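Notes for the one structure printed next.
Position 1 is the first residue of the sequence; numbering continues from there. A quick note: this is a predicted structure, and the numbers were derived from the prediction, not measured.
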Amino acid sequence: MHKVKKHSLVKKIQQKIVLLFRLNRKPVIVVYNGYGNDQKVVIFGHVLKLSPAMRKRYRPNWIINALYLLRLFMVRPYPFAHLSLLWEGRQCYTRSQDDGFFRFELDPATTLRPGWHKVVVQLEEEKYRMQKICGTGQLLIPFASRYVFVSDIDDTFLISHSSNLRRRLYVLLTKNAWTRRPFDDVVKHYRLLAAYGQQQGEPNPFFYVSSSEWNLFYFIKEFTVKNRLPKGIFLLNELKKLSQVFRTGQNNHATKFARIVRILEAFPHRGFVLFGDDSQEDPNIYAALASHFAGRIYAVYIRRVHKKSFEKVQPIIATMAAAGIHCCYFRHSEEAITHSKKIHLVADDGSL
């Protein structure tokens, strides 16, 4: 009898937590923006048994913002879930991994038109079949272009204080996607890069690759939309639990190298322009990419945000420059824009 009461009490507490933090207790499929070429398309996402409800309002209240951040880490993956995708008239199947992550890799039967394509992934577990639980995302087939742009997020365009855990947690806990700030002129720079050399409505492709976790996907996506950064594909790091929230962004950076390699392999006939900062491992990762993919990296931009990194980063930049890569180690985005004009990545008059 005592065990029954204890179980009942635990259940009631769990229900109150779910209500307080506005958590979904039924499965949710999150489909991220995928990408592809003539040979292969990649569609990926997460299946979650427990997840936070989407935020609809943003208020400058640090308590609400802190609770929202904590909610993003209140997730429970759905491991080994059966999933389906209707693609070009055929049904494709896969299963999620033990962390809920799933990935479809498909060979197109026909040449896909460039642009964004809608994709729908459905949960095929017998228990939920009648509910038809689906997740909707988009797939990008890039327009013809000379370059692909790959950008880090934290301290590259989003002010994050990555090298200082206390300050990083402060901005994460007290601000939201509408009150966080980008660096001055970085939006202008990225929009110039996306538009240059392209027809109206056919921008250069942008990928946002970060050591931040997939927990922060909606936060980062909302920030890019609000600030009118180029629409692109996000490649983030593995989900973390609530107990790991104070280690956000402190993942193994080696996986970032692998994620960018996949993009390089997906677009073998295009040059690449890489954007990062000197607060963590971007200079080393980009130098390794330049070494492994000789002739593929056209330019590297590193933002100076960490004073102690200067002496360490300078020789890395010099080595890449000696290999013929256009490098810019800059403090302010206006410097980077001037450099982009010189190497013909943006128009000389700075027009979109």
Side-chain angles (χ1 to χ4, degrees), residues 33-42 114 139-157 186 189-198 202-211 224 229-237 253-278 280-303 313 316-330 333 335-337 339-347:
N33 289 347
Y35 61 95
N37 54 32
D38 290 340
Q39 284 75 44
K40 183 172 71 175
V41 297
V42 181
L139 165 74
L140 174 65
I141 304 298
F143 295 95
S145 67
R146 291 183 63 186
Y147 302 110
V148 174
F149 295 87
V150 178
S151 175
D152 178 48
I153 296 172
D154 291 311
D155 285 324
T156 298
F157 64 77
V186 69
H189 191 196
Y190 280 29
R191 287 174 60 81
L192 287 170
L193 293 167
Y196 185 61
Q198 299 298 105
E202 299 182 3
N204 289 304
F206 260 79
F207 288 78
Y208 300 110
V209 185
S210 173
S211 295
T224 61
L229 283 153
K231 184 177 179 179
I233 293 94
F234 298 92
L235 296 173
L236 308 183
N237 224 321
H253 297 282
T255 63
K256 187 173 184 177
F257 175 89
R259 280 173 277 152
I260 299 176
V261 166
R262 293 192 196 106
I263 308 170
L264 281 154
E265 291 176 342
F267 305 104
H269 304 299
R270 306 194 197 201
F272 274 70
V273 179
L274 310 178
F275 284 83
D277 63 88
D278 65 2
Q280 296 186 46
E281 293 298 319
D282 287 345
N284 289 320
I285 292 171
Y286 294 173
L289 288 165
S291 176
H292 281 78
F293 294 88
R296 297 288 312 282
I297 310 301
Y298 181 72
V300 171
Y301 289 81
I302 300 293
R303 185 182 294 278
V313 172
I316 300 173
I317 295 290
T319 299
M320 288 191 287
I325 297 170
H326 298 283
C327 296
C328 182
Y329 190 20
F330 65 99
S333 289
E335 302 169 47
I337 293 172
H339 181 271
S340 293
K341 291 177 182 178
K342 290 180 180 179
I343 65 171
H344 308 295
L345 285 176
V346 304

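Ring centers of Tyr35 and Phe207: under 6.0 Å apart, within the cut-off. For Tyr298 and Tyr147, the ring centers are positioned less than 6.0 Å apart.
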Query raised in the report: Can you list the steps and then say if Asn37 with Ile141 is a side chain to side chain contact (heavy atoms under 4.5 Å, CB included)?
Result: CA-CA 6 Å; Asn37 54 32; Ile141 304 298; over 6 Å; no
Requested in this report: Before giving the answer on side chain to side chain contact (heavy atoms under 4.5 Å, CB included), spell out for Leu193 and Val346 the whole-Å C-alpha distance, their side-chain angles and the decisive distance to 0.1 Å.
Outcome: CA-CA 6 Å; Leu193 293 167; Val346 304; 3.7 Å; yes
Report task. Would you please test Ile302 and Ile317 for side chain to side chain contact (heavy atoms under 4.5 Å, CB included) and show each step? Result -> CA-CA 9 Å; Ile302 300 293; Ile317 295 290; 3.9 Å; yes
Requested in this report: Output, in order, the C-alpha distance, side-chain angles, deciding distance and verdict of side chain to side chain contact (heavy atoms under 4.5 Å, CB included) for Tyr286 and Ile260.
Outcome: CA-CA 9 Å; Tyr286 294 173; Ile260 299 176; 3.9 Å; yes
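Remark: the Tyr329 side chain and the Asp278 side chain contain an N/O donor-acceptor pair separated by less than 3.5 Å. Ser151 and Tyr190 are linked by a side-chain donor-acceptor pair at a separation below 3.5 angstrom, with hydrogens and angles left out of the test. Remark: the Ser210 side chain and the Asn237 side chain contain no N/O donor-acceptor pair separated by less than 3.5 Å.
No side-chain heavy atom of Arg270 sits less than 4.5 Å from a side-chain heavy atom of Leu264. Using a 4.5 Å cut-off on side-chain heavy atoms (C-beta onward), Pro203 and Gln198 make no contact. Residues Ile316 and Asn284 meet the side-chain proximity criterion, which asks for heavy atoms closer than 4.5 Å. Put simply, the side chain of Ile263 reaches to within 4.5 Å of the side chain of Val148, judged on heavy atoms. In this structure, Pro205 and Ser145 have side chains that are in contact, with non-hydrogen atoms separated by less than 4.5 Å. Looking at Asp152 and Val209, their side chains never come closer than 4.5 Å, going by heavy atoms from C-beta outward.
Between the side chain of Ser340 and the backbone N or O of Ala336 there is at least one donor-acceptor pair closer than 3.5 Å. Under the 3.5 Å distance criterion, the side-chain polar atoms of Glu281 are left unmatched by any main-chain donor or acceptor of Ile285. Put simply, the side chain of Arg259 gets close to the backbone of Leu236: a donor and an acceptor are under 3.5 Å apart. A donor-acceptor distance shorter than 3.5 angstrom exists from the side chain of Asp282 to the backbone of Asp277, with no hydrogens or angles considered.
Nearest heavy-atom pair, Pro283 versus Val313, reported as atom, atom and distance to 0.1 Å: CG-CG2, 3.9 Å. Residues Asn33 and Ile233 approach most closely at O-CG2, 3.3 Å, considering heavy atoms. For Ile325 against Ala290, the heavy-atom pair with the smallest separation is CD1-CB, 3.3 Å. For the residue pair Gly36 and Phe267, the shortest heavy atom distance occurs at O-CE2, 3.6 Å. Residues Pro230 and Tyr208 approach most closely at O-OH, 2.6 Å, considering heavy atoms.
Taken from OG1 in Thr224 to NZ in Lys231, the straight-line distance is 10.0 Å, to the nearest 0.5 Å. Between His344 atom NE2 and His326 atom NE2 the span is 8.5 Å, to the nearest 0.5 Å. Atom NZ of Lys256 and atom CD of Gln280 lie 7.5 Å apart (nearest 0.5 Å). Atom CZ of residue Phe330 and atom CD of residue Glu335 lie 8.0 Å apart, to the nearest 0.5 angstrom.
With a 6.0 Å radius and a threshold of 12 heavy atoms from other residues, nucleotides or ligands, Arg296 has its CZ atom above the threshold.
With sequence neighbours excluded, the residues satisfying side chain to side chain donor-acceptor pair (under 3.5 Å) with His339 are Tyr301. Contacts of Ser333 classified as side chain to side chain donor-acceptor pair (under 3.5 Å), with partners at least two apart in sequence or in another chain: Arg303. Residues passing the ring pair (Phe, Tyr, Trp, His ring centres under 6.0 Å) test with His292 are Phe257, sequence neighbours excluded.
The one candidate from Tyr196, Phe275, Phe157 that meets the ring pair (Phe, Tyr, Trp, His ring centres under 6.0 Å) condition with His189 is Phe275.
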